[in-house]
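Encoded as structure tokens, the structure appears first; notes follow it.
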2 protein chains.
Amino acid sequence: MAVRKQIESTARVLDPLKQKGLSVTGSRRKILQLFMQQKGALSHGDIEKKAGVTFDRVTIYRTLQTFLDKGIIHAIPTADNAVRYALCQDECGPGHHDHQHIHFICSRCKQIFCLDHFVTPDLHLPKGYQAKDVDVLVKGVCKECSAIAKRA
Amino acid sequence: MAVRKQIESTARVLDPLKQKGLSVTGSRRKILQLFMQQKGALSHGDIEKKAGVTFDRVTIYRTLQTFLDKGIIHAIPTADNAVRYALCQDECGPGHHDHQHIHFICSRCKQIFCLDHFVTPDLHLPKGYQAKDVDVLVKGVCKECSAIAKRA
DNA sequence: TGATTTTTGCAACTATGTTGCTTTTTTGTA
DNA sequence: TACAAAAAAGCAACATAGTTGCAAAAATCA
């Protein structure tokens with residue numbers, strides 16, 4: 001059972017890489033694993049720290065760019081000069097991202113989460129403006145931090 | 001008439017500074033003017049270019065921070081590592097920002113506009129999450145670029 | 001006008017992101 | 001399994017972005 005689980009988890013990491021036609025390398029495996037283990041989104045800096053000194057900074061930049069291009073991760077806009085990245089849904093692929101979720105920024109723990117909840121903003125754009133893609137960022141307090149606050 | 005107008009426009013620049021209890025300096029006047037003249041939002045880099053070599057980079061950083069703190073401008077999250085800033089509505093003040101507008105990012109001219117159109121996203125957050133602030137980023141083609149595309 | 005407070009500019013530094021090139025690793029095939 | 005071709009990683013050097021402390025200059029207020 002333990003073995004079975006390990007095989008599955010290795011496959012889970014390998015699959016996305018092979019599926020997207022990427023060669024499987026140490027850094028890609030490691031970075032993908034970091035994303036899979038992680039509830040919140042990761043910045044370049046986070047990855048650098050979590051990966052230890054194992055990889056060159058440049059490799060991390062290039063890996064993130066590759067993952068973005070192939071639709072494995074998506075970038076989450078922020079106002080703090082530290083773009084975060086998170087895994088995509090299966091529907092995403094090279095050149096197109098299709099997310100029907102919102103991004104939640106916790107003002108307490110500073111983590112950013114993807115919440116898979118449909119949002120249908122009631123957009124009334126002025127004449128002439130054509131919307132293609134909508135990104136909703138919600139700031140507030142996340143589930144865990146709310147619980148902590150309640151207890152205190 | 002021309003004189004009258006000039007007085008008014010100077011007043012428009014001075015008012016927000018005095019109103020917020022800020023001392024009036026060359027750089028603050030200049031940077032505020034840039035924002036007022038500008039339709040789209042500005043990044044730190046944009047300001048550096050538009051202001052010429054007049055001001056030290058550090059002064060621009062500090063001025064932007066001051067304007068943010070006082071509620072004169074607000075930061076617009078982006079995914080390209082270049083946070084933009086734009087003027088606030090009158091309702092904003094030190095410590096609180098109250099915007100009921102969306103941010104529109106034109107994929108053609110790369111400009112970012114504040115559109116004063118009410119948005120009421122239909123947020124169904126999971127249990128435990130508390131929303132405080134919602135930021136809506138819309139990517140698409142702006143009015144002017146749509147017109148250009150039509151003509152071509 | 002002059003003293004006090006605030007802001008600016010400068011220098012030095014840290015962090016972040018990019019590019020070209022060589023070495024290493026991966027892949028696909030024999 | 002070994003080998004050649006292709007792809008990626010690592011390294012160095014560079015470019016850009018952002019921060020901090022401090023002295024000089026400017027703005028405020030009496």
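First the proteins, then the strands, lettered A, B, ... as listed; each starts at 1.
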Take A:G21 and B:G45, find for each the nucleotide of DNA chain D with the closest heavy atom, and name the residue whose nucleotide sits nearer the 5' end.
A:G21
Based on the rotation axes of five pairs at each end, what angle does the helix from C:dT1-D:dA30 to C:dA30-D:dT1 bend through, to 10°?
40°
B:Y129: ring pair (Phe, Tyr, Trp, His ring centres under 6.0 Å) partners, not counting sequence neighbours:
A:F104
Side-chain (B:T63) to main-chain (B:T59) donor-acceptor, under 3.5 angstrom:
yes
Applying a 4.0 Å non-hydrogen cut-off, can you work out what A:S27 is touching in the nucleic acid: base, sugar-phosphate, or nothing?
sugar-phosphate
Closest to the 5' end of DNA chain D, once A:V58 and B:L22 are matched to their nearest nucleotides, is A:V58
Check whether any side-chain heavy atom of B:K39 lies under 4.5 Å from a side-chain heavy atom of B:F113, and answer yes or no.
yes
Could you tell me how far apart A:R28 (CZ) and D:dG10 (P) are, to the nearest whole angstrom?
12 Å
To the nearest angstrom, how far is A:L64 atom CG from D:dA9 atom P?
11 Å
Is it true that B:Y85 and B:H74 have ring centroids separated by less than 6.0 Å?
no
Quick one: is C:dG9 close enough that its OP1 or OP2 comes under 4.0 Å of any side-chain N or O from B:T59?
yes
Take atom NZ of A:K18 and atom C1' of D:dA7, then tell me their distance rounded to the nearest Å.
15 Å
Do A:P16 and A:M36 make a side-chain contact, defined as non-hydrogen atoms from C-beta onward lying under 4.5 Å apart?
yes
Calculate the interatomic distance between B:L42 atom CG and D:dA17 atom P; express it in whole Å.
15 Å
Quick one: the side chain of A:R62 and the base of C:dG17, do they pair up donor-acceptor inside 3.5 Å?
no
Presence of A:N81 side-chain N/O under 4.0 Å of D:dA17 phosphate oxygens OP1/OP2:
no
From C:dG17, D:dC11, D:dT28, pick the nucleotide closest to the side chain of B:V24?
D:dT28
For D:dA26, does either OP1 or OP2 sit under 4.0 Å from a side-chain N or O belonging to B:S23?
no
Residues passing the side-chain contact (heavy atoms from CB on, under 4.5 Å) test with B:A147, sequence neighbours excluded, are B:R151
Phosphate-side-chain proximity, A:T63 and D:dA8, N/O vs OP1/OP2 below 4.0 Å
no
Can you check the B:Y85 OH to D:dA17 P distance for me, whole Å?
12 Å
Between B:T66 and B:D69, does the side chain to side chain donor-acceptor pair (under 3.5 Å) criterion hold? Intermediate values first, please.
CA-CA 5 Å; B:T66 305; B:D69 292 345; 5.6 Å; no
Find the distance A:E48:CD to C:dG17:C1' and express it as a whole number of Å.
11 Å
Between C:dT14 atom C1' and B:R57 atom CZ, what is the distance in whole Å?
12 Å
Atom CG of A:D80 and atom P of D:dT19 are separated, to the nearest Å, by 11 Å
